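The next block holds one structure in the form of structure tokens; read it before the comments.
On a predicted model such as this, the values are computed, not experimentally measured, just so you know. First listed ligand is number 1; within each ligand, the first listed atom is number 1.
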Amino acid sequence: MCGLRIEVEGGRVGRIEADKDDPLSRGALCPKAVALGEIQHDPDRLTRPRRRVGDGWQEISWGEAIPLAATRLAAIQREHGDDAVASYLGNPGAHNLGVLLGLTPLLGALSSRNRYSASSLDQNPKHASSVLLYGHWLRIPIPDVDRTQFLLMLGANPVVSGGSLMTAPGFRKRVEALQARGGRLVVVDPRRSETARLADAHLSVVPGSDGFLLAALVHTVLEEGLGRANDASARIVGRDALRASLAPFAPEAVAAQVGVPADGIRELARDFAAASSAVCYGRVGTSQHRYGTLCSWLADVLTLVTGNLDREGGAMFPAPAADLAQLASLRGDTDELITGRTRVRGAPQFNGESPTACLAEEIATPGDGQVRGLLTIAGNPVLSAPNGQALEAAIASLDFHVAIDFYVNETTRHADLILPPTWSLEHDNCEVLFHGFAVRNTIKLSQKVVDPAPGTRDDWSILTELGFRLQEAKAENAWGRFVARTLRRIAARLTPRQILALMLRIGPHGDGFRPWRRGVRIADLDANPSGIDLGPLEPSLERIVATERGRLDLGAGEMMGELERLARELGDEADAGLVLIGRRDMRTCNSWLHNTRVGSKGRERCTLQMHPDDAAARGLAPGSPVRVTSRVGSLVAPLELSEDLRAGVVSLPHGWGHRGDGLELSVAAAHPGVNCNELVDDQVLEGLVGNAVYNGVPIQVEAAR
Ligand SMILES: Nc1nc2c(c(=O)[nH]1)N[C@H]1C(S)=C(S)[C@@H](COP(=O)(O)OP(=O)(O)OC[C@H]3O[C@@H](n4cnc5c(=O)[nH]c(N)nc54)[C@H](O)[C@@H]3O)O[C@H]1N2
Ligand SMILES: Nc1nc2c(c(=O)[nH]1)N[C@H]1C(S)=C(S)[C@@H](COP(=O)(O)OP(=O)(O)OC[C@H]3O[C@@H](n4cnc5c(=O)[nH]c(N)nc54)[C@H](O)[C@@H]3O)O[C@H]1N2
Ligand SMILES: [Mo]
């Protein structure tokens, strides 16, 4: 999302600089930008399809590869049913317009209940909370960071991450501006993160205790009658039910478990409510959590009951020029929060997807509906999902695995067929999803900067051709085959850009095909390569809320149930052992920038960080290797001491562990690190939608022999 200026000479990517004219990023830049050029010229990056032959690979043409993928997947589905082929969509897919648009025909043709994605490793609790509060999974309120006077942030480190479901490039400058206008930033995090360091206050909490903290904050606001009303308040129903459910959560009752004095919690609630504007933002630290949906929901509720929802300086709904939520199904009916149950464990399916933490057992457990074929798109679940070693073993046992990816990584090395798309610099892109989560309304079309090599294909063309070929292979009769073929030919002539042009016209800033209106058109995007500023976020609850009669229900049964469950944990004695949390790095992104020099050079990044007191108590010396063991796995990592961590908490980053045979990541393999997800328990899931729980994993640490 950061605007870049990229110099290209003779097809070679040269200097990459920040684009100061970008209306959202305003000249922000991080080291990841430089990696873009390295990936363009990375000799390990695949450009031609290849199939597995014995222990090796054979390059094949696109004309062979896509029909082969379609026939093999269709054959598995014909013999074992549609659910026998699973799909997994990884995070970079969400940033790629061609993937987002091409996915619909592909997943439609697969028609499998076994759909998985990085969403159940990341943000499904946020979507679930939005279904419950606003009636639509994509309507997520975003902190109005540039105008707020009080930002309370839990489980997020945007100085490093650039935000998440709050796209906020250049976050450091935004915090400086907040403080310069007399506002405050309060960060809740078990680690004094890069963002916590800038904060006016940092609450170093026990991992996994955010539900208690948020419940106590809302409890205090309701009991003390704090906050004020705004337009959104008139929509509130169920306030008494919430108040009753929160009765057990007085600050004094939760303080020990949160690890923060009751006075501090009470004072925080009062300060938040008294601020002239305030917003509470919770992100991955509170989503990848046993009470993820409850935390996401309570964070929004705190903003709402203090009179700060849909208001300048509070939480507001972006109006993206190309609005995916318009296209996605409207989910007014909260009864449909859970769309089904998984076969093996009976875990909840949310939004038509199963939890990725359940994929390994769905492959490994025989019986009706067992997964035998897999399609992975832009993802590396072996490194990103809990109990990665179990998932890797399961993936290696599949009958057929197609990967749409340009690297041979820990997951795709097990594929039978790899279909490599062009790289981001070789095709136009528009971040339609993340403009919809941004702190300011802007739109930008990133034009391709390098011509793709002859004979290469982009994600859109691979996904749509595979989708319609699959549909053809599965068709029952000649008419069905004819329809699929016709659609494939139409798709082959369409481009994501043309669809984007339509989305712009029907979007909130478009002309709606009324010629007398002036709206944002694709030609405007071409004429403004740095992007177009559409202004600050504006009140829009009226337009977006999709619940019955536009009500905001504070008494939602699912949430009252979660509060009851949480109340039963009040007063539980804390385990005296260590717990593990994660850590993101400025230079890398999840599992996949490690094959660049930018992402791998310098000091060792994949270290186990521990508080010096915890190390001393165990007689562990910094720099020495330590063995870390959990219920599901054990690994050895170098120890690094850090006073930033709360005592009792250790931290290991994810996305590392580039080891074993068959990888084609020559730079990454020289600095492999370890896969922290070999420690993360796949049996522990978020309570409502089954999100993965990476934070607060119980572990033991000892000197490695
Ligand atoms: N322990 C722990 N684990 C975590 C997390 C954590 O905080 N702690 N975070 C979780 C989160 S939030 C996420 S989102 C997941 C991410 O998990 P995944 O999405 O599974 O993993 P990534 O590393 O993001 O996926 C990168 C892959 O996408 C490919 N790729 C990149 N660009 C493109 C493209 O344009 N097209 C195609 N077809 N492929 C492309 C790369 O080559 C690489 O193979 O990890 C999760 N795992
Ligand atoms: N450089 C870089 N940028 C990235 C990524 C990357 O890998 N590298 N990944 C991208 C992706 S996929 C995502 S989803 C976003 C995520 O972006 P953010 O949501 O900002 O997430 P993180 O940076 O992981 O910060 C999470 C914080 O939660 C804290 N935490 C852990 N457990 C708990 C807990 O129980 N309670 C509380 N309150 N805090 C806790 C951690 O210490 C950490 O500081 O970043 C994106 N941006
Ligand atoms: Mo993510």
_For atom 42 (O) of ligand 2, what's the nearest protein heavy-atom neighbour? Residue, atom name and distance, please._
D189 OD1, 2.7 Å

_Distance-only N or O hit between ligand 1 and D122, under 3.5 Å_ = no

*Give the numbers and elements of all ligand 1 atoms closer than 4.0 Å to a heavy atom of G90.*
19 (O)

*Who's the nearest protein heavy-atom neighbour of atom 21 (O) of ligand 2, and how far?*
V284 CG2, 3.0 Å

*asked:* Please check whether T422 reaches ligand 1 - meaning an N/O of the residue sits under 3.5 Å from an N/O of the ligand, judged on distance alone.
replied: no

*Heavy atoms only: which of T412, N96, N691, I462 is nearest to atom 35 (O) of ligand 1?*
N96

*asked:* Within the 4.5 Å heavy-atom criterion, are L154 and D189 side-chain neighbours or not?
replied: no

*salt bridge (Lys or Arg N to Asp or Glu O under 4.0 Å) partners for D122, two or more places apart*: R283

*Taking the side chain as every heavy atom from C-beta outward, state whether N695 and V697 have any atom pair closer than 4.5 Å.*
no

_If the cut-off is 4.0 Å to any non-hydrogen atom of V188, which atoms of ligand 2 fall inside it?_
37 (C), 38 (N), 39 (N)

*Have a look at ligand 1 and work out which part of C676, if any, has a heavy atom under 4.0 Å from it: side chain, backbone, both or neither.*
side chain

_With a 4.0 Å cut-off on heavy atoms, is G655 in contact with ligand 1?_
no

*Check each of D405, L665, N380, V697 against atom 44 (O) of ligand 1 and report the one with the nearest heavy atom.*
D405

*Considering only the protein, which heavy-atom contact is closest to atom 24 (O) of ligand 2, and what is its distance?*
R584 NH1, 2.8 Å

_Geometry only, no angles: is D459 polar-contacting ligand 1 at N/O separations under 3.5 Å?_
yes

*Please report which non-hydrogen protein atom sits nearest to atom 45 (O) of ligand 2, along with the residue it belongs to and the distance in Å to one decimal place.*
S161 CB, 3.2 Å

*Do side-chain atoms of R191 reach the backbone of V649 as a donor and acceptor pair under 3.5 angstrom?*
no

*Counting heavy atoms only, name the option from V382, N590, T376 that's nearest to atom 13 (C) of ligand 1.*
N590

*Between E686, E569, E562, which is the residue that forms a salt bridge (Lys or Arg N to Asp or Glu O under 4.0 Å) with R290?*
E569

*Strictly under 4.0 Å, does any heavy atom of G162 approach an atom of ligand 2?*
no

_Where ligand 2 meets M586 - atom numbers and elements under 4.0 angstrom, heavy-atom basis_ = 1 (N)

*Subset of ligand 2 atoms that lie under 4.0 Å from at least one heavy atom of T588*: 1 (N), 2 (C), 6 (C), 7 (O), 8 (N)

*Are any of the N or O atoms of I404 closer than 3.5 Å to those of ligand 1?*
yes

*G582 near ligand 1, heavy-atom distance under 4.0 Å?*
no

